[in-house]
2 protein chains.
Amino acid sequence: MALHLEARPSRLPSAPPLAGLSPLETEAVELFVGLAQVVGLPKSIGQIYGLLYISATPLSLDDITRRLDISKGSASQGLKFLRTTGAVRLGDENGSRCDRYQAETGLRTLATGFLKEQIEPRLSNGSDRLARLKRLAEMVPAEQREHVGQRVKQLESWHGRAATVLPLLIRLLGK
Amino acid sequence: MALHLEARPSRLPSAPPLAGLSPLETEAVELFVGLAQVVGLPKSIGQIYGLLYISATPLSLDDITRRLDISKGSASQGLKFLRTTGAVRLGDENGSRCDRYQAETGLRTLATGFLKEQIEPRLSNGSDRLARLKRLAEMVPAEQREHVGQRVKQLESWHGRAATVLPLLIRLLGK
DNA sequence: ATGACTGTTCAAAAAATATTGAACAGTCGG
DNA sequence: CCGACTGTTCAATATTTTTTGAACAGTCAT
């Protein structure tokens, strides 16, 4: 993710061309590019989702590459991610021969998919580390025994807190 | 942030040297490097915080560069970030002539600092975009009027939801 | 004032990540 | 079966982000 260790005048991404889009669409796409950056996803994914979100009709991969002016590869990968994450699905009224996508707009759906795919795996990885840390903490010189024990206990409490708060958070995001 | 669009065998960061550290410290550092990655911060920041977190005594910038084997520049910038974010503070028992740091360990403190510094600015940026989007939505061809209006309304509801949930979340992280 | 030490800054280098584009596999209609 | 079309994959490339290291500023003891 972009981290602003830098000076104050935090540079804006300096709006790219975004050729085939109406002003409304451009604005929507930029909005979602910003959101994507907040949660650490690539720009192209924000663009794709933003375009689908504002579009009144389902769009094909080809529509997307043309309007957004990105490569077929990017669009394909981006859609794949959005699909497996549940943020996008095949259009309802799908008549034509090629796949058309539309945005899934339930906040809970989006959040759940994102947490499941992006956060959960890393956290469970963290669990392993925590377990190993705990073992190591037991064989520490007496001098540090107390301090280290305290820290490990705290980490465990964090872990527990996270485990209860995350589901609750999803509930809060409501239907 | 690292995004795994890629194949299944999601490569692990392949543990670096981490010379001057005890096994316990190494484990703690790696744990926090992982956490840092989850929230999209550079590795060096995770390393620094992890080392301070597990250390029984406050450490100087020089201690940090030597033990972690990172450059003075990285350490200085990382500490700066951790300071302004409230994750680290000057040691209590500060006798010597150089600054020594220790980790701030309140979960709420950490979360608040992070949200304030990293998330809030981006979200307020998003507010501007949303306002502009709303204006554009009013001048849309009749055909799309309904759809676009619905989407804009939904975005506003998301925004409201976020505004209520974030503070609540901080409360949940407790004391 | 000088030299040793601590810490910051920032341009350049390195590393990590995202995007492209071309090769490929699959499908459909004729 | 062929050729046109849709979509995926992945190595090469481009871009972004992080890290380094050297120059610099400040402090302090002598």
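The structure displayed is predicted, hence computed values, not measured ones. The chains referred to below are lettered A, B, ... by the order of the sequence lines, with proteins before strands, and numbering in each begins at 1.
- Atoms CD1 (B:Ile64) and C1' (D:dT19) sit 16 Å apart, rounded to a whole Å.
- The CD atom of A:Gln37 sits 10 Å away from the P atom of D:dT16 (whole-angstrom rounding).
- The CG-C1' distance, from B:Leu41 to D:dT19, rounds to 15 Å in whole Å.
- Residue B:Arg83 places at least one side-chain N or O closer than 4.0 Å to OP1 or OP2 of C:dT8.
- If you measure from atom CG of B:Leu82 to atom P of C:dG7, you get 15 Å, rounded to the nearest angstrom.
- Atom CG in B:Leu61 sits roughly 12 Å away from atom P in C:dT9 (whole-Å rounding).
- Using modelled atom types, no side-chain atom of A:Tyr53 and backbone atom of A:Val29 make a donor-acceptor pair closer than 3.5 Å.
- Within the structure, a side-chain polar atom (N or O) of A:Ser44 is placed less than 4.0 Å from OP1 or OP2 of C:dT19.
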Report task. Could you walk me through whether B:Leu115 and B:Glu120 pass side chain to side chain contact (heavy atoms under 4.5 Å, CB included), step by step? Result -> CA-CA 6 Å; B:Leu115 293 176; B:Glu120 201 184 281; over 6 Å; no

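- Taking the nucleotide of DNA chain C with the nearest heavy atom to each of A:Gly73 and B:Asp62, the more 5' of the two is matched to B:Asp62.
- Across all strands, B:Leu79 comes closer than 4.0 Å to no nucleic acid atom at all (heavy-atom distances).
- At least one side-chain heavy atom of B:Ile70 sits under 4.5 Å from a side-chain heavy atom of B:Ile48.
- Taking side-chain N and O atoms only, B:Lys72 has no distance below 4.0 Å to OP1 or OP2 of D:dA22.
- Applying the 4.0 Å criterion to OP1 and OP2 of D:dT9, one finds that A:Lys80 has a side-chain N or O inside that range.
- Among the nucleotides D:dG7, C:dT19, D:dG21, the one closest to any side-chain atom of B:Ser71 is D:dG21.
- Between B:Ser74 and D:dT20, a side-chain N or O to OP1/OP2 separation shorter than 4.0 Å is present.
- Here B:Ser76 contributes atom OG and B:Ile64 contributes atom CD1; the two are 10.0 Å apart, rounded to the nearest 0.5 Å.
- Contact between the side-chain N/O atoms of B:Ser76 and the OP1/OP2 oxygens of C:dT8 is found at a separation under 4.0 Å.
- Distance CG (A:Asp99) to P (D:dC5): 17 Å, rounded to an integer number of Å.
- Look at CD1 on B:Ile70: it is 20 Å from P on D:dT17, rounded to the nearest Å.
- Salt bridge B:Asp63/B:Arg66: present, at least one basic N to carboxylate O contact under 4.0 Å.
- Remark: P of C:dG7 and CZ of B:Arg100 are 9 Å apart, rounded to the nearest angstrom.
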